[in-house]
Amino acid sequence: MSDRYLTAILADDEPAITEGLSSLSVWDELGINVIATARTGQEAMDKILTLKPDFAVMDIMMPGLTGLEVLEKLEEAASETDIIILSGYGNFDYARKAMRFQAKAYLLKPVDSEELKGALLSLMKKKKKVTDGNEIKLSRTTLNDLADGKLLDTLASSMLTMGKDGLPDRPCFAIIFAFPSQIKEGAIRIIEEATEGIKRIVWTKDQKTIRAIFSISEKMPFEIAESCLKALEEKGLSLPRIAIGNTVAKPNMIASSFSRASVALTYQLYDENSRIFTSDMITPEAPGYKPEDRDVEPLAELIITDDEDGIRKFCEDFIKRLIGKTLPPPNYVYSITYWLVREIGKRLDKLIAGASLIPEAPDITKYKTIPMIEEGISSLFISISRYIAAVYGEKEAKKKLDATEEDDEIIRKMSEYIDNHSEEQIRLEDIADLVNLSPSYAAIYFRKKTGITVRDYILKSKMEDARKKLLEKDASVTDIAYILGYHDYRSFSRAFKNITGMTPSEFQEEHSR
């Protein structure tokens, strides 16, 4: 039922022009669906006569048949499509001839989006007068608002049942077709042909999604979905995943069916091989697993101790307990997994801050199956563990984590200053000034409280920073030495080896595996 919402075709022999036009926001703003493009005059005319769009935006100098010749033939065929002519020629003769053959507007290239919007708005107002009453059309925006539950007024909802092509005012259900890539031209037509004889409205939600409302018929919803899949496969199109919503009493209640269909679609998390998902799959019980049921401290300990097997076992057990005997809603699985990642990030923040190991907003939904989630978070935690082992080692990592705000305030300030200025030539005088002590007493106080000298702590801090930098992709040992204040590479290498037991190059090789 493609004539239930406003449609358009774009025709130009330069693909860049049609791509540019189709990407304009004006179509979504006005609720117009661009259903096809054409590169020749003959192709444009054939698609206009076959698809019967509301509008066609067409170049006047098309190869084969020119835009003017197409206009002339469309007039002979009594086409009701409103034509907007585009031209790179500011010649009044072209405009006059175009208008003579019923072109509704004439725009010069490059197209100004506001001019195009103005022309379309003007034509839409005229169409509203012509199609008043039983021939009212629904824009894609209106249909999407209905599906999303954003349109509450009953008059707009009742439009679904108006006219000879409207839906009967009786039970119906929603279907969502989610394609893996951009929808190929003709997909809607294939779906409509596969469901011929059933009252329905079919439209595109976006570049990868088709939505449909079907009235209850002799065919079961699952049969309808199977028929559509078979038809799309026979035409060689990429196959979508199809979600079927619950049946609602009337078309103006369809938003709840679309909501259930959207949830059903997420259940591909549990079955990556299925193509059709129904609202019956949705688990009615509330999930039994809650964040407070699991302490993240054991996982943090496994990460700090660099226990790869332990990390994998923890993640396996976490997913197993999360799923339980009854499959919880996939969005719940994603949210709890997200919680686990964020909790570990907060627990180990002192060790991994600035390392970009955990994104600000981890996208857990990129893992499309349960095994992918388990492997994804296991790999993430293992990479964090290797980083901590390389930069700190278990003993130093635990010491850093266990440090609290109640620790000696003077030592804390001195340590923080050194850590934050590892790329500078740090002077004892500057550190002592920070805590209002003389340089000699500051040095004595620091050694008494920490067990190491200020000089040794500065060296330790620089080498900790060096280890972090050496783990970065394409890191240059020479550059890192210079950044940390070593103008002699050999001095840097010797200092690094004294702390870590290996040269910078050996460290990189060891941790690049």
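The shown structure was predicted, so the numbers you read here are calculated from the model rather than taken from an experiment.
The minimum heavy-atom distance linking Ile282 with Tyr267 is given by the pair CA-OH, 3.5 Å. Nearest heavy-atom pair across Cys228 and Ile191 is SG-CG2, 3.9 Å. What you find for Phe314 and Pro298 is that their closest heavy atoms are CE1-CB, 4.4 Å. When all heavy atoms are compared, the tightest approach of Phe173 to Asn246 is CB-O, 3.7 Å. Ile311 and Ser385 get closest at one heavy-atom pair: CD1-CB, 3.9 Å. Looking at every heavy atom in both residues, Pro53 comes nearest to Ile9 through CG-CD1, 3.6 Å.
Two residues are said to be in side-chain contact when any heavy atoms from C-beta on lie closer than 4.5 Å; Leu71 and Glu75 fail this criterion. The shortest distance between side-chain heavy atoms of Thr278 and Pro221 does not fall below 4.5 Å. Side chains of Asp363 and Tyr338 form no contact here, defined as non-hydrogen atoms less than 4.5 Å apart. Counting heavy atoms from C-beta on, the side chains of Ile198 and Lys219 come closer than 4.5 Å. Taking 4.5 Å as the limit, every side-chain heavy atom of Leu65 sits out of range of all side-chain heavy atoms of Thr40. Looking at Gln268 and Ser274, their side chains never come closer than 4.5 Å, going by heavy atoms from C-beta outward. Side-chain atoms of Cys315 and Phe381, non-hydrogen and from C-beta on, do get closer than 4.5 Å to each other. The side-chain heavy atoms of Leu51 and Arg189, taken from C-beta on, include a pair separated by under 4.5 Å.
Atom CD1 of Ile344 sits about 11.5 Å away from atom CZ of Arg342, to the nearest 0.5 Å. Distance check, rounded to the nearest 0.5 Å: CG of Asp206 to CZ of Phe179 gives 11.0 Å. The distance from the CG atom of Asp82 to the OG atom of Ser122 is 9.5 Å, given to the nearest 0.5 Å. A distance of 7.0 Å separates CG of Leu21 from CG of Leu116, quoted to the nearest 0.5 Å. Going from atom CZ of Arg275 over to atom CD of Glu233 covers 9.0 Å, rounded to the nearest 0.5 Å. We find the CD-OG1 distance between Glu69 and Thr66 to be 3.5 Å, quoted to the nearest 0.5 Å.
At distances below 3.5 Å, not a single donor-acceptor pair connects side-chain atoms of Ser257 with backbone N or O atoms of Ile254. Between the side chain of Ser378 and the backbone N or O of Glu375, no donor-acceptor pair lies under 3.5 Å. Side chain of Glu374 to backbone of Pro371: no donor-acceptor contact under 3.5 angstrom is found. Of the possible polar contacts, one joining the Asp54 side chain to the Thr7 backbone as a donor-acceptor pair under 3.5 Å is found. Under a 3.5 Å cut-off, the side chain of Thr81 and the backbone N or O of Phe55 do not form any donor-acceptor pair. In this structure, the side chain of Ser22 engages the main chain of Thr18 through a donor-acceptor pair within 3.5 Å. A donor-acceptor pair is defined here as one N or O able to donate and one able to accept, closer than 3.5 Å; such a pair exists between the side chain of Arg241 and the backbone of Glu272. One N or O on the side chain of Ser383 and one on the backbone of Leu380 form a donor-acceptor pair closer than 3.5 Å. Formation of a donor-acceptor pair under 3.5 Å by the Tyr334 side chain with backbone atoms of Tyr367 is found in this model. Remark: the backbone N or O of Leu49 is paired with a side-chain donor or acceptor of Lys52 at under 3.5 angstrom.
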Start with the C-alpha gap between Ile17 and Val111, add the side-chain angles, then the distance that decides, and say whether side-chain contact (heavy atoms from CB on, under 4.5 Å) holds. CA-CA 9 Å; Ile17 300 294; Val111 178; over 6 Å; no
Evaluation steps, side-chain contact (heavy atoms from CB on, under 4.5 Å), between Ser279 and Ile244: CA-CA 6 Å; Ser279 59; Ile244 304 169; over 6 Å; no
Going through the distances and angles, do Tyr270 and Thr369 end up as a side-chain contact (heavy atoms from CB on, under 4.5 Å)? CA-CA 6 Å; Tyr270 299 119; Thr369 65; over 6 Å; no
Set out, in order, the CA-CA distance, both residues' side-chain angles and the distance that settles side-chain contact (heavy atoms from CB on, under 4.5 Å) for Phe318 and Leu340, then state yes or no. CA-CA 10 Å; Phe318 169 79; Leu340 177 67; 3.8 Å; yes
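A cation-pi contact, defined as under 6.0 Å to the ring centre and within 45° of the axis, links Arg211 to Phe258.
Considering Ile176, Ile183, Ile175, Ile242 as possible partners of Ile210, the one that fulfils the side chain to side chain contact (heavy atoms under 4.5 Å, CB included) test is Ile183. When the options Asn144, Asn33, Thr209 are evaluated for a side chain to side chain donor-acceptor pair (under 3.5 Å) with Trp203, the one that passes is Asn144.
The pair Glu343-Arg347 fails the salt-bridge criterion, with no side-chain N (NZ, NE, NH1 or NH2) lying under 4.0 Å from an Asp/Glu carboxylate O. Classification of Arg39 and Glu14 as a salt-bridged pair fails, no side-chain N sitting under 4.0 Å from a carboxylate O. For Lys313 and Glu316, the salt-bridge test fails: no basic side-chain N is under 4.0 Å from an acidic carboxylate O. Looking at Asp46 and Lys73, no side-chain N of the basic residue comes within less than 4.0 Å of a carboxylate O on the acidic one, giving no salt bridge.
A 6.0 Å sphere centred on CE of Met372 holds more than 12 heavy atoms belonging to other residues, nucleotides or ligands.
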